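I have placed the structure first, in the form of structure tokens, so that the comments after it can refer back to it.
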Amino acid sequence: MNDFSGKVVVITGAGSGMGRSMVAEFVSRGAKVAALGRTLSKLNDSVDIAGGRSSCLAIEMNVSDEPHVVQVINRVIEVWGQIDILINNAGILDTYAPAHEVSLAEWEEVISTNLTGPFLMSKYAIPHMLKAGQGAIINIASISSISAAGGGSAYTASKHGVQGLMKQLCFEYGQQGIRVNEICPGATATPMAMPQTKSAHSPDMEAAVAAVPARRWCDPSEIAKLAAFLASDDASYIHGSSYVIDGGWLTAARDAF
Ligand SMILES: NC(=O)c1ccc[n+]([C@@H]2O[C@H](COP(=O)([O-])OP(=O)(O)OC[C@H]3O[C@@H](n4cnc5c(N)ncnc54)[C@H](O)[C@@H]3O)[C@@H](O)[C@H]2O)c1
């Protein structure tokens, strides 16, 4: 198991789903974790579940709000003096409505959360990684970074954009010791993908999952383990890569949806 003692990990969207699992995974491996997200009580729950009161900072913030991002990065530096790993995980799904029915407000909210958020977090974390001469950034993208139908136009465009951002950051900072990669999950059992978050246009996710070769949902802990690997020295030559973790969904896309 990789040891993250002495490492500082910043995780956005840490109050639920994959973010919550990643807080637990990195705490169990000895990291100090800044758990960021929109609702402090949920962040505190994630920290408690991880048993991480002495090794975590829970900070309420909005990833698409530049002053919030600046404040949060400054706070992490003030407390721990370094940022080794940034995981851009916060994200929202759209309504899956066809493009001609999507409001500009919906489009802008999804793009600002899913794409502007990772840009801002990276922009303000990178100078600290450059100073240290090392760092790892992991974006939680999606199979929607690669194909259509995993969301509506805003979600798919935002996740394709996140992949472009990952590639450009890899190109700009790889030679300075910063590795940038992404994880592309398929159907993962988190609040985002659960039936209560369905809109009128949502696909039947249970049917989609039944058609995936693995025949089950991904557990968020499986995403967290991949994130820990990509953040570790075991992944030292991995730059600019997309790791699909979808139970075979894309391979068998003919049957999905
Ligand atoms: N669940 C899936 O099937 C699936 C599949 C592919 C990709 N993803 C991606 O995985 C990531 C994690 O999602 P999840 O499935 O754990 O869902 P989730 O809804 O449980 O987690 C998303 C978290 O992001 C937070 N968040 C949203 N907007 C934010 C903002 N502006 N500022 C700060 N925090 C914000 C939410 O409060 C929430 O805690 C997302 O980027 C999502 O797009 C999910």
Side-chain angles (χ1 to χ4, degrees), residues 10-25 34-47 49 58-69 71-72 87-94 96 108-121 138-147 149-152 154-163 165-166 182-198 202-203 205-206 208-209 212 214 216-224 226-227 242-247 249-250 256-257:
V10 173
I11 303 172
T12 68
S16 60
M18 297 181 203
R20 176 166 285 176
S21 283
M22 288 190 275
V23 172
E25 189 69 31
L36 315 182
R38 287 185 301 192
T39 313
L40 188 59
S41 58
K42 289 187 174 178
L43 296 169
N44 284 332
D45 288 348
S46 294
V47 169
I49 290 165
I59 310 175
E60 192 173 271
M61 56 89 71
N62 177 350
V63 290
S64 58
D65 182 314
E66 189 170 20
H68 275 197
V69 171
Q71 262 176 27
V72 161
I87 304 184
N88 285 312
N89 166 70
I92 53 172
L93 193 53
D94 60 16
Y96 287 88
E108 287 181 341
E109 193 191 356
V110 173
I111 297 291
S112 72
T113 305
N114 294 3
L115 181 54
T116 307
F119 163 69
L120 288 174
M121 290 298 302
I138 298 160
N139 291 341
I140 306 302
S142 171
I143 54 173
S144 296
S145 301
I146 297 162
S147 69
Y155 188 77
T156 301
S158 72
K159 292 297 185 180
H160 275 65
V162 160
Q163 183 170 85
L165 178 67
M166 180 275 290
E182 75 180 4
I183 294 174
C184 298
T188 308
T190 70
M192 178 185 282
M194 291 294 107
Q196 62 270 24
T197 57
K198 269 174 85 164
S202 298
M205 285 301 291
E206 291 298 346
V209 169
V212 163
R216 67 170 176 87
W217 292 83
C218 179
D219 188 272
S221 65
E222 295 173 289
I223 305 293
L226 179 53
S242 301
Y243 277 73
V244 173
I245 171 166
D246 69 347
W249 180 308
L250 286 183
F257 293 130

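These numbers were taken from a predicted model, which means no experiment stands behind them. Order of appearance sets the numbers: ligands from 1, and atoms from 1 within every ligand. Keep in mind that the numbers below use all heavy atoms, side chains included, and drop hydrogens, waters and symmetry copies.
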- Message: Checking contacts here: is it the side chain or the backbone of S144 that comes within 4.0 Å of ligand 1, counting heavy atoms only? Could be both or neither.
- Response: neither

- Query: For the side-chain contact (heavy atoms from CB on, under 4.5 Å) test, which of L43, V10, I11, N62 pairs with L36?
  - Reply: V10

- Note on the structure: Within 4.0 Å of some non-hydrogen atom of K159, the atoms of ligand 1 are 40 (C), 41 (O), 42 (C), 43 (O)

- Note on the structure: The answer for which part of T190 has a heavy atom under 4.0 Å from ligand 1 is side chain

- Query: Does ligand 1 have an atom that lies less than 4.0 angstrom from a heavy atom of K42?
  - Reply: no

- Can a non-hydrogen atom of G117 be found less than 4.0 Å from any atom of ligand 1? no

- Here the pair of heavy atoms bringing M205 nearest to W217 is CB-CH2, 3.8 Å

- Non-hydrogen atoms of G150 and Y96 that approach each other most closely: O-OH, 3.2 Å

- Which value, rounded to the nearest 0.5 Å, describes the distance between N89 atom CG and T190 atom OG1? 9.0 Å

- Message: So if I apply the side-chain contact (heavy atoms from CB on, under 4.5 Å) rule between S158 and each of V110, I92, T113, which one comes out positive?
- Response: V110

- Task: Please report the closest heavy-atom contact between N114 and A90, naming both atoms and the distance.
- Result: OD1-O, 4.4 Å

- Task: Report yes or no: does a heavy atom of M61 sit under 4.0 Å from some atom of ligand 1?
- Result: yes

- Item | Any N or O of R38 closer than 3.5 Å to N or O of ligand 1 | yes

- Message: List ligand 1 atoms under 4.0 Å from A187, heavy atoms only on the residue side.
- Response: 3 (O)

- Please confirm whether A14 comes within less than 3.5 Å of ligand 1 when only nitrogen or oxygen atoms on both sides are compared. no

- Task: Using distance alone, determine whether S142 and ligand 1 share an N or O pair under 3.5 Å.
- Result: no

- Give the minimum heavy-atom separation between L93 and G151, together with the two atoms involved. CD1-CA, 4.4 Å

- Message: Can you tell me if W217 contacts ligand 1 (heavy atom of the residue under 4.0 Å from the ligand)?
- Response: no

- Item | Distance in Å, E66 CD paired with Q71 CD, rounded so as to fall on 0.5 Å steps | 12.0 Å

- Message: Tell me the contacting part of L36 for ligand 1: side chain, backbone, both, or neither, using a 4.0 Å heavy-atom threshold, strictly below.
- Response: neither

- Do G37 and ligand 1 have an N or O pair less than 3.5 Å apart? no

- Task: Give the atoms of ligand 1, by number and element, whose distance to some non-hydrogen atom of G91 is under 4.0 Å.
- Result: 22 (C), 24 (O), 27 (C), 40 (C), 41 (O)

- Item | Numbered atoms and elements of ligand 1 in range of N62, under 4.0 angstrom, heavy atoms | 30 (C), 31 (N), 32 (N)

- Task: Please identify which atoms of ligand 1 are closer than 4.0 Å to at least one heavy atom of N89.
- Result: 11 (C), 12 (C), 40 (C), 41 (O)

- Task: Examine ligand 1 and decide if any of its atoms is less than 4.0 Å from a heavy atom belonging to G186.
- Result: yes

- Item | Atom indices of ligand 1 within 4.0 angstrom of G13 heavy atoms, with elements | 23 (C), 24 (O), 25 (C), 39 (O)

- Message: So, taking the atom named CD1 in I245 and the one named OG1 in T188, what distance separates them when rounded to the nearest 0.5 Å?
- Response: 7.5 Å

- Criterion side-chain hydrogen bond (donor to acceptor under 3.5 Å, both in side chains) on S242 and Q163, from CA distance to verdict: CA-CA 8 Å; S242 301; Q163 183 170 85; 3.2 Å; yes

- Per-atom filter on ligand 1: closer than 4.0 angstrom to a heavy atom of A90 are 24 (O), 26 (N), 34 (N), 35 (C), 41 (O)

- Query: Checking side-chain contact (heavy atoms from CB on, under 4.5 Å) against V72, which of V63, I59, D65 comes through?
  - Reply: I59

- May I ask you to list the atoms of ligand 1 that are less than 4.0 angstrom from any heavy atom of T113? 28 (N), 29 (C), 31 (N)

